Peer 1: 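Supplied in structure tokens, the structure appears directly below.
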Amino acid sequence: QVQFLESGGGLVQPGGSLKLSCKTSGFAFEHYAMGWFRQAPGKERQKVSCIGYRAGADRVYYANSVKGRFTISRDNTEDTVYLQMNSLTPEDTATYYCAAVAYSTQYSCGDNSLATWGQGTLVTVSS
């Protein structure tokens with residue numbers, strides 16, 4: 001079955017960095033755009049970043065709040081998507097999830113296309 005296994009979260013001080021990983025299985029990873037989402041306590045889940053199934057800057061999306069600080073990447077040989085997060089702030093504190101998405105462009109990103117979420121990985125930014 002479709003599975004997403006997020007890892008790499010933890011406690012980090014403001015200004016610090018973390019790299020999240022999402023190992024997937026159960027679907028043809030190389031044919032899907034992928035995205036990272038996050039949900040802070042008491043708030044709705046929001047899109048953070050997405051990447052198309054083929055390489056190209058025009059297929060990479062970042063929310064305005066993370067642009068210039070976060071970098072998404074993927075390894076189609078490992079069925080894994082990554083999120084490098086730099087210059088973290090307390091506002092980045094959330095549980096981070098990955099998902100297959102319907103599409104990704106530099107302007108927008110589709111919703112979860114496989115109706116499946118992993119357990120997420122918690123990122124806490126605090127001094």
Side-chain angles (χ1 to χ4, degrees):
Q1 71 272 29
V2 174
Q3 290 186 322
F4 301 93
L5 183 60
E6 301 93 344
S7 62
L11 174 64
V12 62
Q13 292 188 341
S17 298
L18 283 174
K19 186 174 184 178
L20 307 184
S21 300
C22 175
K23 175 68 175 173
T24 74
S25 61
F27 66 102
F29 178 83
E30 67 274 18
H31 294 314
Y32 281 83
M34 295 295 299
W36 282 96
F37 298 71
R38 68 185 181 187
Q39 187 167 22
K43 295 188 177 181
E44 293 187 354
R45 186 151 25 201
Q46 63 174 181
K47 296 171 189 172
V48 175
S49 179
C50 297
I51 186 168
Y53 67 92
R54 290 186 296 176
D58 60 339
R59 296 183 179 90
V60 178
Y61 167 83
Y62 295 102
N64 286 336
S65 58
V66 306
K67 202 170 291 185
R69 301 188 298 121
F70 290 11
T71 302
I72 191 171
S73 61
R74 64 188 295 160
D75 184 343
N76 287 352
T77 67
E78 296 289 337
D79 294 350
T80 300
V81 60
Y82 304 96
L83 187 68
Q84 176 68 46
M85 306 187 297
N86 299 328
S87 303
L88 286 161
T89 74
E91 288 68 38
D92 296 315
T93 295
T95 298
Y96 285 70
Y97 304 85
C98 73
V101 296
Y103 66 88
S104 178
T105 74
Q106 59 184 316
Y107 303 112
S108 65
C109 168
D111 293 324
N112 187 335
S113 61
L114 296 178
T116 300
W117 297 99
Q119 83 292 343
T121 186
L122 177 62
V123 172
T124 303
V125 185
S126 175
S127 55

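These numbers were taken from a predicted model, which means no experiment stands behind them. Heavy-atom basis, side chains included; hydrogens, waters and symmetry copies ignored.
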Peer 1: Mind checking whether T116 and Q1 have side chains closer than 4.5 Å, heavy atoms only?
Peer 2: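 With C-beta onward as the side chain, the pair stays apart.
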
Peer 1: Is R74 close enough and on-axis enough to Y32, meaning under 6.0 Å and within 45°, for cation-pi?
Peer 2: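 Cation-pi check for R74 and Y32: fails.
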
Peer 1: Ignoring hydrogens and angles, tell me if any N or O in the side chain of T24 forms a donor-acceptor pair with the backbone of D79 under 3.5 Å.
Peer 2: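 Confirmed, T24 side chain pairs with D79 backbone.
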
Peer 1: Which pairs, with at least one residue in residues 97-125 and sequence neighbours excluded, count as a salt bridge (charged side-chain N to carboxylate O under 4.0 Å, His left out)?
Peer 2: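 Sorted pair list: K47-D111.
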
Peer 1: Testing V123, V125, D92 one by one against M85 for a side chain to side chain contact (heavy atoms under 4.5 Å, CB included), which residue passes?
Peer 2: V123

Peer 1: Who are the side chain to side chain contact (heavy atoms under 4.5 Å, CB included) partners of Q46, not counting sequence neighbours?
Peer 2: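 For Q46, the residues satisfying side chain to side chain contact (heavy atoms under 4.5 Å, CB included) (neighbours in sequence not counted) are R38.
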
Peer 1: Do F37 and W117 make a side-chain contact, defined as non-hydrogen atoms from C-beta onward lying under 4.5 Å apart?
Peer 2: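 Answer yes - side chains close enough.
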
Peer 1: For the residue pair Y96 and E6, establish whether any side-chain heavy-atom pair is separated by less than 4.5 Å.
Peer 2: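 They are not in side-chain contact.
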
Peer 1: Indicate yes or no: at least one non-hydrogen side-chain atom of Y97 is less than 4.5 angstrom from one of C22.
Peer 2: no

Peer 1: For side chain to side chain contact (heavy atoms under 4.5 Å, CB included), just list the numbers for S108 and Y103, CA-CA rounded to whole Å, side-chain angles, deciding distance to a tenth of an Å, and then say yes or no.
Peer 2: CA-CA 8 Å; S108 65; Y103 66 88; 3.2 Å; yes

Peer 1: With heavy-atom distances below 4.5 Å as the criterion, would you say the side chains of L88 and N86 are in contact?
Peer 2: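 No, every pair of side-chain atoms sits at 4.5 Å or beyond.
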
Peer 1: Less than 4.5 Å apart, any side-chain heavy atom of F27 and any of F4?
Peer 2: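 They are in contact (side-chain heavy atoms under 4.5 Å apart), so the answer is yes.
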
Peer 1: Check whether any side-chain N or O of S113 sits under 3.5 Å from a backbone N or O of A100 as a donor-acceptor pair, and report yes or no.
Peer 2: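 Yes; at least one donor-acceptor contact below 3.5 Å.
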
Peer 1: Drop me the distance from R59's CZ to C50's SG, to the nearest 0.5 angstrom.
Peer 2: 14.0 Å

Peer 1: Under the side chain to side chain contact (heavy atoms under 4.5 Å, CB included) rule, what do I72 and Y62 come out as? Steps first, then yes or no, please.
Peer 2: CA-CA 9 Å; I72 191 171; Y62 295 102; 3.6 Å; yes

